[in-house]
Enquirer: 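Dropping the structure in here first, questions after.
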Amino acid sequence: MIALVDCNSFYASCEQVFRPDLQGKPVVVLSNNDGCIIAANKEAKALTDIPMFEPVFKIKKLLEDNDVAFFSSNYTLYGEMSQRVMNILMDFSPAVEVYSIDESFLNLSGIKSINYRKYGLSIRNRILKNTGLPVGVGIAPTKVLAKVANKIAKKKSGLRNVFVIDTEEIREKALKNTNIKDVWGIGRAHVKSLKKIDVNTAYDFTQLPSSWVLKNMKIVGLRIWHELRGKSCLEINELPRSKKAIGTAKSFGERIENFDLISEACAYYIGEVSEVLRQQKSCASFVHVFLNTNYHSKTDKQYSNGITVTLPVPTNDTLVLTSFAHQALKEIYKPGYRYKKVGVNLSGLVPKKYIQGNLFAPVLPPNKDGLWEVIDHLNFKYGKSTIQSAHAGFPESRKKWELVKAHRSPRFTTQWNEILKIST
DNA sequence: TCTGGGGTCCTAGGACCC
DNA sequence: TCTGGGGTCCTAGGACCC
């Protein structure tokens, strides 16, 4: 049996933990640049139709009228709260797959003579007690069924957020009550074609011939079909595999035409991604840089372009990567446009130990591993950008392109000067 | 005026090899 | 008129996830 533990409206719940005054009140969390809504607690969802990913400016009045509390996203806080939850889960199973910031699969198969419902309840209670975060627990023989069970656990009242699928009757009933669009792995495109042939529930889907599924939804769809019928096809992956690509791209706080500012943002992002690259002890073979204007705008001239550079020798040196990215940006930048976003992506990631030299490249650059180790350590200890490439700009100029986060809560758990204060 | 960010997996088709 | 058979590697694009 597999358990899926998933935090309820995770970002909104994290904000509420430190703001008891908001218990029972509608809360939403906004995306970068406070652009749109990315999380809403159940009060906010119930309130009206606050559609997820709706641009904030379109529903500002709705939020104000209903006294909805809203926060800019505070990933430092969410990441650390997530750690706490995952650490607790390790106590409940020797095999945990951390699937995303707010959910994990637990392999329960090694645990003998266990009452699944009781076990699920104790997971839920312990997390609530130790972190203040509410979770839902779904337990079933396969991952996709555990997802189904989790959804039911959260939706149906009286279950105390725990639901177990452990008999044929329960499975069938659960599938009949699950809309096909709510099945994990079946997205918009497939829902559309399934509706056309009158497949509306997860149960309907399991009644299709496997040949149809394979032909129209390929192997990915067939796996889901098997999983829903109770045959496990998706394993629990305990070890996070190293990333195959690392990228970042953020919209500017305001539109920018100036090349130097864009290049500064680009260098700053290279600093971020190369640090992640060093953490996983890899080097990148390619660096991709792209640039675009605001495609929502009906009045601005539109332009977007991207370019991939092959590095002579894979590297994770921020300064080397910055220099190649800068050259690449020069090639695609065209003056006279109001740019909205620049992004970088490192790919062709190879383990640092196995770097292939290049017969035709200039002599290998000197090894600076020690230097970067020290820099990364200082930035960890004293805060981001304590030491960085000068190309990545100074706080003054950074303000011109940095994200807008007008409503961010304090980083309660990671900054001494932002720690929660309690007055009597 | 204002519209997020970071990923993975799979497939078809082209180019190429012997 | 009629032109083999068995592969690999790479890339772009689709679909999906949180």
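Here the structure is a predicted model, which means the values were calculated and not measured.
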Enquirer: Once the angle between the rings of A/Y78 and A/Y75 is folded into 0 to 90°, is it parallel (under 30°), tilted (30 to 60°) or perpendicular (over 60°)?
Expert: perpendicular
Enquirer: Heavy atoms under 4.0 Å, any strand shown: does A/V276 hit a base, just sugar-phosphate, or nothing?
Expert: nothing
Enquirer: Classify A/Y295 by what it touches in the nucleic acid, base, sugar-phosphate, or nothing, heavy-atom distance under 4.0 Å.
Expert: nothing
Enquirer: Can you check the A/E402 CD to B/dG5 P distance for me, whole Å?
Expert: 14 Å
Enquirer: Spell out, as yes or no, whether a donor-acceptor pair under 3.5 Å connects the side chain of A/N107 to the backbone of A/S109.
Expert: yes
Enquirer: Between A/D102 (side chain only) and A/F10 (backbone N and O only), is there a donor and an acceptor less than 3.5 Å apart?
Expert: no
Enquirer: When we call it a touch if two heavy atoms are under 4.0 Å apart, what does A/I186 touch: a base, just sugar-phosphate, or nothing?
Expert: sugar-phosphate
Enquirer: To the nearest angstrom, how far is A/K143 atom NZ from C/dC16 atom P?
Expert: 18 Å
Enquirer: Starting at CZ of A/F10 and ending at P of B/dG5, how long is that distance when rounded to a whole Å?
Expert: 20 Å
Enquirer: Hey, is A/D166 close enough to A/R117 for a salt bridge, meaning N to O under 4.0 Å?
Expert: no
Enquirer: Report the distance from atom CG of A/D102 to atom P of C/dC18, rounded to the nearest whole Å.
Expert: 9 Å
Enquirer: Could you tell me how far C/dG4 sits from B/dC17 if I compare only their C1' atoms? Round to whole Å.
Expert: 15 Å
Enquirer: Mind checking A/L30 for me? I need base, sugar-phosphate or nothing, with any heavy atom below 4.0 Å counting as a touch.
Expert: nothing
Enquirer: Between A/R411 and A/E80, is there a side-chain N and carboxylate O pair less than 4.0 Å apart?
Expert: no
Enquirer: Would one find a side-chain N or O of A/H296 under 4.0 angstrom from OP1 or OP2 of B/dC2?
Expert: no
Enquirer: Only Watson-Crick and G-U wobble pairs with both distances less than 3.5 Å should count. Give DNA chain B in dot-bracket notation, marking inter-strand partners with |.
Expert: ....||||||||||||||
Enquirer: Do the charged groups of A/K384 and A/E275 touch, with an N to O distance under 4.0 Å?
Expert: no
Enquirer: Among the nucleotides B/dT3, B/dG4, C/dC18, which one has an atom lying closest to any side-chain atom of A/N32?
Expert: B/dG4
Enquirer: Return no unless some side-chain N or O of A/R223 is found under 4.0 Å from OP1 or OP2 of C/dC16.
Expert: no
Enquirer: Can you build the contact string for nucleotides 7-14 of chain C? Use B for base contact, S for sugar-phosphate-only contact, and - for no protein heavy atom under 4.0 Å.
Expert: --------
Enquirer: Does the plane of the ring in A/F18 sit parallel, tilted or perpendicular to the ring in A/F412? Use 30° and 60° as the thresholds.
Expert: parallel
Enquirer: For A/S251 and A/S297, take the nucleotide of DNA chain B holding the closest heavy atom to each; which residue's nucleotide lies nearer the 5' end?
Expert: A/S297
Enquirer: Given B/dG6, is OP1 or OP2 found less than 4.0 Å from the side-chain N or O atoms of A/T248?
Expert: yes
Enquirer: State, yes or no, whether a side-chain contact exists between A/M81 and A/C7 at a heavy-atom distance under 4.5 Å.
Expert: no
Enquirer: Should A/W225 and A/S210 be marked as a side-chain contact (heavy atoms from CB on, under 4.5 Å) after you check the CA-CA gap, both sets of side-chain angles, and the distance that decides it?
Expert: CA-CA 8 Å; A/W225 184 84; A/S210 60; 3.6 Å; yes
Enquirer: Is any side-chain nitrogen or oxygen of A/K244 closer than 4.0 Å to OP1 or OP2 of B/dG6?
Expert: no
Enquirer: Heavy atoms under 4.0 Å, any strand shown: does A/E103 hit a base, just sugar-phosphate, or nothing?
Expert: sugar-phosphate
Enquirer: What is the distance from CH2 of A/W184 to C1' of C/dC17, rounded to the nearest Å?
Expert: 8 Å
Enquirer: With a cut-off of less than 4.0 Å, is there a side-chain N or O of A/K340 near OP1 or OP2 of B/dG4?
Expert: yes
Enquirer: Have a look at A/K341 and say if it touches a base, only the backbone sugar-phosphate, or nothing, with a 4.0 Å heavy-atom cut-off.
Expert: sugar-phosphate
Enquirer: Output the rounded distance in Å from NZ (A/K298) to P (B/dT3).
Expert: 13 Å
Enquirer: Between A/F252 (CZ) and B/dG4 (C1'), how many Å, whole number?
Expert: 14 Å
Enquirer: When you match A/N294 and A/V220 each to their closest nucleotide on DNA chain B, which lands nearer the 5' end?
Expert: A/N294
Enquirer: Got more than 12 heavy atoms from elsewhere within 6.0 Å of CZ, A/F259?
Expert: yes
Enquirer: Taking A/E227 first and then A/R223, would you say they form a salt bridge - that is, a charged N and a carboxylate O separated by under 4.0 Å?
Expert: no
Enquirer: Nearest to the side chain of A/P55, which nucleotide is it out of B/dG6, B/dT3, B/dG4?
Expert: B/dT3
Enquirer: Rounded to the nearest angstrom, tell me the gap between atom CE in A/M86 and atom P in C/dC18.
Expert: 13 Å
